[in-house]
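All remarks here apply to the structure that follows.
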Amino acid sequence: MAEVITRARAASTELADGSTLVDRLDIRSAGTGPWHEGEPMYPPAQTALTRAGYPDDGHVAHQFVSADLGTIDFMVALDRRHQQTLRSLGADPGRVALLRSFDPAAGAAVDVPDPYYGDDAVFDDCRDMIAAGCTGLIASLASHWDTLWAA
């Protein structure tokens with residue numbers, strides 16, 4: 001869900017040069033384990049996105065591999081366990097952030113809970129948490145783009 005929402009937010013964010021942020025980013029998600037490698041998005045997650053008006057982008061699950069570290073400038077984890085796993089795989093701690101850290105309304109609630117066994121309401125709540133974090137993430141990237149990544 002985070003990849004789809006981040007892509008949508010970035011597509012509607014215009015930079016000073018008139019381009020959109022989505023044209024400047026490589027947005028992709030990956031699991032920290034192989035459990036669903038090659039599978040389409042879990043249907044309740046896709047349904048929650050559809051209810052909120054997000055497109056079905058044909059997402060297919062894949063696993064993060066350490067070999068990708070050299071090609072990634074910044075990673076966003078949905079919970080502290082994933083953040084720690086990424087660090088243990090060699091990710092620079094300064095390049096891994098928690099998604100909810102970009103949502104000022106999150107307060108001390110830093111983890112996005114896994115909705116896997118939940119009902120529609122649980123998936124909708126999770127989607128909304130992710131959307132709030134993605135909104136803050138994209139706003140932060142856009143406001144710092146010229147000084148941090150434009151070069």
Side-chain angles (χ1 to χ4, degrees), residues 1-15 20-22 24-37 39-66 68-69 71-145 147-149:
M1 287 195 285
E3 178 181 338
V4 171
I5 294 170
T6 301
R7 192 178 316 286
R9 296 288 195 270
S12 64
T13 301
E14 189 172 318
L15 298 172
T20 59
L21 190 57
V22 76
R24 305 297 181 99
L25 300 175
D26 178 9
I27 302 167
R28 35 188 169 135
S29 62
T32 56
W35 306 283
H36 301 287
E37 180 91 28
E39 295 177 12
M41 186 181 299
Y42 188 53
Q46 183 59 60
T47 301
L49 289 170
T50 301
R51 276 194 298 276
Y54 293 99
D56 180 349
D57 70 351
H59 175 80
V60 174
H62 62 277
Q63 182 181 0
F64 172 81
V65 292
S66 296
D68 289 341
L69 284 172
T71 66
I72 300 171
D73 293 319
F74 189 64
M75 290 178 274
V76 180
L78 270 61
D79 66 34
R80 288 170 287 182
R81 185 175 51 90
H82 292 137
Q83 182 184 42
Q84 184 56 40
T85 299
L86 290 168
R87 289 175 177 170
S88 72
L89 291 170
D92 177 347
R95 292 177 179 250
V96 182
L98 288 167
L99 179 63
R100 293 200 75 196
S101 70
F102 294 97
D103 175 9
V110 297
D111 294 332
V112 174
D114 185 348
Y116 194 78
Y117 295 104
D119 61 13
D120 286 352
V122 171
F123 274 86
D124 288 349
D125 288 346
C126 183
R127 178 205 58 222
D128 294 345
M129 282 181 217
I130 291 169
C134 291
T135 297
L137 169 63
I138 292 301
S140 179
L141 289 172
S143 70
H144 296 99
W145 186 260
T147 57
L148 295 178
W149 290 285

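Note that the numbering runs from 1 along the sequence shown for the chain.
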Taking all atoms of both residues into account, what is the closest heavy-atom pair of [X] and [Y], and its distance?
X    : Y    : answer
L21  : A142 : CD2-N, 4.1 Å
I130 : V112 : CG1-CG1, 3.9 Å
S101 : L98  : OG-O, 2.5 Å
L49  : M41  : CD1-SD, 3.6 Å
I5   : C134 : CG2-CB, 3.7 Å
A30  : Q63  : CB-C, 3.9 Å

Notebook entry, point to check: Is any NZ, NE, NH1 or NH2 atom of the basic residue among D26 and R28 found under 4.0 Å from an Asp or Glu carboxylate oxygen of the other?
Noted result: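 The answer is yes: the pair qualifies as a salt bridge.
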
Checklist line | Ion pair check, R51 and D120, cut-off under 4.0 Å | finding: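 A salt bridge is present here (some side-chain N lies under 4.0 Å from a carboxylate O).
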
Margin query: Would you say the rings of Y116 and H36 are close, in the sense that their centroids are separated by under 6.0 Å?
Written below: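 Judged by ring-centre distance (under 6.0 Å), H36 and Y116 do meet the cut-off.
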
With distance as the sole test, does [X] use its side chain to make a donor-acceptor pair with the main-chain N or O of [Y] at under 3.5 Å?
X    : Y    : answer
R100 : A106 : no
H144 : S140 : yes
D111 : P113 : no
S88  : T85  : yes
E3   : S29  : yes

Roughly how far apart are [X] [atom1] and [Y] [atom2], rounded to 0.5 Å?
X    : Y    : atom1 : atom2 : answer
L69  : R95  : CG    : CZ    : 10.0 Å
D119 : D124 : CG    : CG    : 9.0 Å
D114 : H82  : CG    : NE2   : 7.0 Å

Next item on the list: Sequence neighbours left out, what passes side-chain contact (heavy atoms from CB on, under 4.5 Å) with S12? Give chain and number order.
Entry: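 side-chain contact (heavy atoms from CB on, under 4.5 Å) list for S12, sorted by chain: empty.
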
